[in-house]
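The structure under discussion appears below in the form of structure tokens.
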Protein chains: 2
Amino acid sequence: MAQVAGLAGVHASTVSRALNPETRSMVVPEVVDKVLEAAKSLGYRVDPIAKSLRTGRSRMIGVLIPDISNTLFAPILSGINDFLNDTGYSVIVAEVGNDVAKQLELADRLVAHRIDGLVLGTVSRKDPIVDFCLDQSVPAVLVNRAETSSRLSAVISDDLASMQLAVEHLYELGHRRIGHIAGPPEHSTGYLRRRGFEFAASHLELKNTACEVASAYTRSEGAAAMDRLLDQYPDITGVAAANDLLALGAYDALAARGLSCPDDISIVGHNDMPLMDIVHPPLTTMRIGHREMGRQAAELLQQAIERRDRSCRNIVLPAQLVVRNSTARV
Amino acid sequence: MAQVAGLAGVHASTVSRALNPETRSMVVPEVVDKVLEAAKSLGYRVDPIAKSLRTGRSRMIGVLIPDISNTLFAPILSGINDFLNDTGYSVIVAEVGNDVAKQLELADRLVAHRIDGLVLGTVSRKDPIVDFCLDQSVPAVLVNRAETSSRLSAVISDDLASMQLAVEHLYELGHRRIGHIAGPPEHSTGYLRRRGFEFAASHLELKNTACEVASAYTRSEGAAAMDRLLDQYPDITGVAAANDLLALGAYDALAARGLSCPDDISIVGHNDMPLMDIVHPPLTTMRIGHREMGRQAAELLQQAIERRDRSCRNIVLPAQLVVRNSTARV
DNA sequence: GTGAAAGCGCTAACAA
DNA sequence: TTGTTAGCGCTTTCAC
């Protein structure tokens with residue numbers, strides 16, 4: 001920087017002002033040009049670490065997700081990247097599992113690194129990490145899952161309505177005895193989709209609606225829940241699963257019993273993850289715009305950071321039924 | 001830090017030495033205890049940014065991958081995380097696509113942030129980003145893909161041998177006219193697997209071995225390549241694809257022609273990605289230990305960083321045939 | 001509109 | 001073994 005100042009014949013502080021778009025207007029244009037040229041000819045670029053130390057900001061934002069291998073999060077991350085890369089922010093992705101202590105530890109580390117904001121894809125319906133963000137006044141936005149009380153802005157899909165649509169689809173195919181494989185109730189997705197199922201069931205006056213709760217969004221938990229469902233309610237003809245992985249687990253459970261989907265039992269999933277068109281049978285499911293979800297979360301976060309906008313907005317995206325071959329007429 | 005020094009009744013530099021495990025031995029144990037206690041009671045933690053500015057290091061390592069939604073990279077990332085989290089490093093994942101300029105730009109940004117090392121999952125067989133790392137003497141390790149000349153340590157799978165195993169599997173099922181859907185030749189995986197196919201073909205004295213190159217590891221490119229293969233060599237009975245996504249694309253192409261796998265054509269994939277057991281038909285493929293691949297790459301990188309070990313080692317992991325239902329006797 | 005000077009929080013040479 | 005001092009590279013108040 002001193003070299004640039006020397007070459008341009010100005011003081012280092014003028015170089016700083018000329019190079020920073022936000023303070024550039026303080027410098028007379030011809031000096032700006034001189035500085036820019038000197039910087040370019042020396043290949044000089046401001047040191048982000050020194051800048052962070054001084055300003056307390058970093059133009060980096062962190063994204064916390066529970067599990068990278070869950071393909072659900074891939075399009076969300078892409079959406080976040082798409083939006084934020086164009087705005088000069090870098091995105092740090094951290095896989096933090098479901099351990100709250102580890103999540104807090106990592107959030108703390110990110111804050112120590114002067115991260116400008118956080119996108120949280122991990123929250124439960126009442127999550128200590130939200131307390132952390134509020135306490136430290138770290139700008140943060142929730143994505144995919146929300147808290148019960150709106151303490152931070154969130155972008156989620158309309159989980160309640162989309163599960164109703166899924167159940168109505170089964171109803172229209174003639175199913176009257178329908179079961180539900182619920183997701184973990186501590187997550188808004190598991191909770192709200194279950195509520196959606198119950199609403200639809202009572203509204204459609206279904207008889208014998210059965211529900212089993214999976215303790216995690218995994219294929220094996222889905223299989224276990226499906227087993228319990230079949231044991232207790234052997235006469236169900238359709239199942240609405242809270243998520244595609246649970247639906248695939250249900251496939252596994254059916255196969256193990258020599259039952260066929262959709263001949264014996266129809267199954268509808270949720271999310272329309274990649275490859276759901278090529279599993280066997282191709283899965284009928286609810287498509288959610290996860291990429292758009294990530295994009296909007298990033299936009300909300302940018303506003304929270306740059307406009308110091310601490311207002312709390314919830315964006316709810318609609319889901320759309322994708323009919324494939326896992327559901328059939330009774 | 002000044003407060004901690006005050007409370008412990010020592011100078012700030014002593015606090016620094018006591019708090020840093022590497023310099024702690026310079027301080028007499030009872031002073032260390034006093035400092036540690038003072039720090040704890042004040043909730044003090046060293047500022048990583050200030051530390052980075054001073055030391056030029058950050059205890060963060062960056063991972064460059066082309067595409068987060070490719071589930072291939074998820075277990076690699078998990079493996080890297082597993083190893084590195086226990087060693088006090090944080091991992092930054094950056095999705096950089098296939099654009100070399102963008103990759104260099106991001107690597108540059110990470111270096112500016114004093115990143116201690118880089119794991120590269122993106123390299124082509126001769127990649128400018130390796131030049132970059134060498135020029136800047138940034139410790140770096142390649143994973144999954146390698147360069148043709150070993151300029152940096154790499155952890156890859158034995159692509160040549162594993163493709164031979166895949167072809168031999170088809171041979172043993174009676175197939176004699178076998179086609180290959182090759183991956184992009186600029187990547188070592190695409191190149192070496194093709195070489196493996198050719199070796200096996202000449203060794204087994206196959207007649208009419210056909211090859212079509214997919215320009216990217218995507219389902220749609222796989223379908224296009226399969227179409228070309230079927231047009232030119234309508235009598236093939238088996239196909240070895242360079243990767244599972246290409247194999248799924250081949251499924252699509254067969255379905256579009258009303259052909260059946262494995263009745264009309266057997267297909268073997270490569271990687272054993274998640275869900276390959278539940279696609280239709282369940283895919284016969286080569287299983288690669290991607291998690292272990294990530295773990296070993298992380299270990300190599302740690303050694304390169306901490307032991308300043310610039311020696312170049314290549315670790316080659318074996319692959320294993322997983323037989324499912326996409327391959328059958330002729 | 002630009003220069004001077006202080007300081008963000010830490011570490012490492014040097015001195016004691 | 002510990003304290004002193006300088007400085008990593010930048011921004012920002014305060015003068016001018």
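Sequence lines set the chain letters: A, B, ... in the order given, protein chains first and strands last, and positions in each chain run from 1.
A heavy atom closer than 4.0 Å to some atom of DNA chain C occurs in S13(B), S16(B), these being the qualifying members of residues 6-16 of chain B. Contact check of residues 27-47 of chain B against DNA chain C (heavy atom, cut-off under 4.0 Å) returns Y44(B), R45(B), V46(B), D47(B).
As a whole-Å value, the separation of R24(B) CZ from dT1(D) C1' is 16 Å. Taking atom CZ on R54(B) and atom C1' on dC8(D), their separation rounds to 6 Å, with Å as the unit. Atom CD of Q3(B) is separated from atom P of dG9(C) by 10 Å (rounded to the nearest Å). Distance H113(B) NE2 to dG9(D) P: 16 Å, rounded to the nearest Å. One atom, CD of E22(B), and another, P of dC10(C), lie 17 Å apart when rounded to the nearest Å. Atom CD1 of I49(A) and atom C1' of dG9(D) are 11 Å apart (whole Å). Rounded to whole Å, atom C1' of dC10(C) lies 11 Å from atom CZ of R114(A). Nucleotide dT11(C) holds its C1' atom 12 Å from the CG atom of L19(B), rounded to whole Å.
Taking D131(A) as the reference, K126(A), R151(A) meet the salt bridge (charged side-chain N to carboxylate O under 4.0 Å, His left out) condition, with sequence neighbours excluded. With sequence neighbours left out, the salt bridge (charged side-chain N to carboxylate O under 4.0 Å, His left out) criterion links R114(A) to D47(B).
Relative to the axis of its first five pairs, the axis of the last five pairs of the helix from dG1(C)-dC16(D) to dA16(C)-dT1(D) sits at 40°, rounded to 10 degrees.
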Output a table of nitrogen or oxygen pairs between the protein and nucleotides 14-16 of chain D separated by less than 3.5 Å.
none

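When all heavy atoms of A5(A) and V15(A) are compared, the closest pair comes out as CA-CG2, 3.6 Å.
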